[in-house]
Amino acid sequence: MSIAPAATANPTPPGFFQTDDGVRLFYRDWGEGRPVVFLSSWSLNSDSWAYQMLALAERGCRCVAYDRRGHGRSSDPGRGFDFDRLADDLAALLDQLDLRGVTLVGHSMSCGEIIRYLSRHGSGRVSRTVLVGTVTPTLGRTDDDPDGIDPAVFEAFRSECLMRDFPKWLEDNIRPFLMADSSAGMMDWVTSMALQASMKALLDCHRATTSTDFRRELPGIAVPTLLVHGDLDVSSPLGITGRKTAALMPNATLTVYEGAPHGLFLTHMDRFNRDLLAFLDAR
C-alpha cells in the first residue's frame, strides 16, 4: 500500500492563487520585509511594475504583484470584470498570503480596485496606499459632474478602436502614454503587455472604469494615501481625477509631476521610486 498522500484535484501551482469563483490568478513575490502589493492598469500586467519591485526589494521590502483576471498569465473566465469582483480578487490574494501592514500601489484603473477593496473589505490589512494616475472619483460626465468626459467618447473608443483594431490604437497612443524620447524598446515592451490581455476583459474593464462613480466611497478611506499624477496625463486628466480625489480623501497628499504623462512610473522612474520609498518610510 502506498503511503504517499493522495494528489489534490486540480492543485494550484506555485505562483498562482485561486479565487472563490474558481479563477486562477498569477502573482510574483520578491524580497522580504514590509509588504507592498502592486496592481497594474487596464490592459497591463504585473510585469509593468518590475522597476519598482526591483528597487524596493533591494531596500528591504516584500514586493507582490499579480495579473488581473483576463490579463497577463491569469485565467480568462470571461466574467467578473466589475469593481466588486476585482476587489474580492485582491482580498483573496491578501488573505491567502496572509499579508498585513500592506502598502497598496495602484495605477490608473487599479486605483479604483484599491478604493473598492477598502470600502468593501476594510483597512485591517492595509497601512497606506499609493494611487498613480488615478481614474477616481469618476471619469464620465454626469448631470451632477459636468466636468467629466462625454460618455460618447468612451463608447466611440470601444466600438471604433478596441473592437476593430486594438493593435493600431496601441501603436498610435503608446507615445502619449510614455514620452517622445522613450526608447522604441520600452514602447514595444508596454505594447506587448497590452496585447496579452483578453479582449473581453479589456472591453468589460473599460466599461467599468469609465462608468463607475467612487465619490461616495472616497471620504471614508482614512489610510494615509499618496496621489501621484502627471500634468500631461491625457488618459486621466489631472483636473477631473487626481485633484478631485485628493479633495475627497481625508488623509491624502497629491504630488504633481510637471511634464509627466500617464505612464510616469516608467518615464519618471527614478523620481517616483524615491517618492515611493520616502512614503513607505514616513511615520
Would you confirm whether [X], through its side chain, and [Y], through its main-chain N or O, come within 3.5 Å as a donor-acceptor pair?
{"X": "S74", "Y": "G70", "answer": "no"}
{"X": "T209", "Y": "C205", "answer": "yes"}
{"X": "S182", "Y": "L178", "answer": "no"}
{"X": "H206", "Y": "A201", "answer": "no"}
{"X": "R271", "Y": "Y257", "answer": "no"}
{"X": "D150", "Y": "V153", "answer": "no"}
{"X": "D147", "Y": "I240", "answer": "no"}
{"X": "S75", "Y": "R24", "answer": "yes"}
{"X": "R69", "Y": "R79", "answer": "yes"}
{"X": "D213", "Y": "T138", "answer": "no"}

| Test log, rule side chain to side chain contact (heavy atoms under 4.5 Å, CB included), inputs V223 and L118 | CA-CA 9 Å; V223 297; L118 291 169; 4.2 Å; yes

What are the two closest non-hydrogen atoms of [X] and [Y], and how far apart are they?
{"X": "L39", "Y": "S110", "result": "O-OG, 2.9 Å"}
{"X": "I174", "Y": "E171", "result": "CG2-O, 3.7 Å"}
{"X": "S108", "Y": "S41", "result": "CB-CB, 3.6 Å"}
{"X": "L99", "Y": "P35", "result": "CD2-CB, 4.3 Å"}
{"X": "T267", "Y": "P261", "result": "OG1-CD, 3.4 Å"}
{"X": "D233", "Y": "S236", "result": "OD1-N, 2.7 Å"}

| said: According to ring-ring contact (aromatic ring centres under 6.0 Å, His included), who are the partners of Y117, at least two apart in sequence or on a separate chain? | reply: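 Y117 satisfies ring-ring contact (aromatic ring centres under 6.0 Å, His included) with H121 only.
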
| query | After noting the C-alpha distance and the side-chain angles of D67 and Y27, does the key distance pass the side chain to side chain contact (heavy atoms under 4.5 Å, CB included) rule? | reply | CA-CA 6 Å; D67 293 352; Y27 75 97; over 6 Å; no

Would [X] and [Y] pass as an ion pair if we require N to O under 4.0 Å?
{"X": "D88", "Y": "R116", "value": "no"}
{"X": "D204", "Y": "R158", "value": "no"}
{"X": "R68", "Y": "D89", "value": "no"}

Distance check, rounded to the nearest 0.5 Å: [X] atom [atom1] versus [Y] atom [atom2]?
{"X": "I114", "Y": "T225", "atom1": "CD1", "atom2": "OG1", "answer": "9.0 Å"}
{"X": "I115", "Y": "R120", "atom1": "CD1", "atom2": "CZ", "answer": "15.0 Å"}
{"X": "E217", "Y": "T212", "atom1": "CD", "atom2": "OG1", "answer": "9.0 Å"}
{"X": "E32", "Y": "C61", "atom1": "CD", "atom2": "SG", "answer": "12.0 Å"}
{"X": "S48", "Y": "L266", "atom1": "OG", "atom2": "CG", "answer": "7.0 Å"}
{"X": "C63", "Y": "L54", "atom1": "SG", "atom2": "CG", "answer": "8.5 Å"}

Answer whether the closest heavy-atom distance between the side chains of [X] and [Y] falls below 4.5 Å.
{"X": "L232", "Y": "H262", "result": "no"}
{"X": "V256", "Y": "R243", "result": "yes"}
{"X": "R62", "Y": "W30", "result": "no"}
{"X": "L227", "Y": "V130", "result": "no"}
{"X": "T103", "Y": "R34", "result": "no"}
{"X": "C161", "Y": "F166", "result": "no"}
{"X": "D95", "Y": "R125", "result": "yes"}
{"X": "R85", "Y": "T19", "result": "yes"}

For [X], look at atom [atom1] and say whether over 12 heavy atoms of other residues, nucleotides or ligands are found less than 6.0 Å away.
{"X": "R73", "atom1": "CZ", "value": "yes"}
{"X": "E58", "atom1": "CD", "value": "no"}
{"X": "E155", "atom1": "CD", "value": "yes"}
{"X": "M163", "atom1": "CE", "value": "no"}

Quick one: do [X] and [Y] end up in the same hydrophobic cluster if we chain Ile, Leu, Val, Met, Phe, Trp and Tyr together by side-chain heavy atoms under 4.5 Å apart?
{"X": "M269", "Y": "L226", "answer": "yes"}
{"X": "L238", "Y": "I149", "answer": "no"}
{"X": "F154", "Y": "L203", "answer": "no"}
{"X": "Y66", "Y": "F81", "answer": "no"}
{"X": "M53", "Y": "W189", "answer": "yes"}

| said: Is it true that N45 and H71 share a donor-acceptor pair across their side chains at a distance under 3.5 Å? | reply: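 No - no donor-acceptor pair under 3.5 Å links their side chains.
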
| task | Assess the side chains of S46 and R28: does a donor N or O sit below 3.5 Å from an acceptor N or O? | result |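 Indeed, the side chains of S46 and R28 share at least one donor-acceptor pair under 3.5 Å.
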
| Would you say the ring centroid of F38 lies under 6.0 angstrom from that of H107? |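 Not close enough - the centres of the two rings lie 6.0 Å or further apart.
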
| said: Quick check: F214 with F83 (ring centres under 6.0 Å apart)? | reply: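 F83 vs F214: aromatic centres under 6.0 Å.
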
| said: Is the ring pair F272/F265 parallel, tilted or perpendicular, if the boundaries are 30 and 60 degrees? | reply: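 Aromatic pair F272/F265 classed perpendicular.
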
| Of the options T136, T245, D144, D145, which is the one that meets R215 in a side-chain hydrogen bond (donor to acceptor under 3.5 Å, both in side chains)? |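 Result: among T136, T245, D144, D145, D144 is the only option passing the side-chain hydrogen bond (donor to acceptor under 3.5 Å, both in side chains) with R215.
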
| field | Criterion side chain to side chain contact (heavy atoms under 4.5 Å, CB included) on L90 and L104, from CA distance to verdict | value | CA-CA 10 Å; L90 173 57; L104 296 175; 4.2 Å; yes

| task | Identify which one of V102, L97, V36 satisfies the side-chain contact (heavy atoms from CB on, under 4.5 Å) criterion when paired with V64. | result |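 The residue from V102, L97, V36 that satisfies side-chain contact (heavy atoms from CB on, under 4.5 Å) with V64 turns out to be L97.
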
| message | Against V228, only a single residue in L276, T253, L264 fulfils side-chain contact (heavy atoms from CB on, under 4.5 Å); can you say which? | response |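 It is L264, the one option of L276, T253, L264 that forms the side-chain contact (heavy atoms from CB on, under 4.5 Å) with V228.
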
| Test log, rule side chain to side chain contact (heavy atoms under 4.5 Å, CB included), inputs L25 and F16 | CA-CA 5 Å; L25 303 182; F16 290 83; 6.0 Å; no

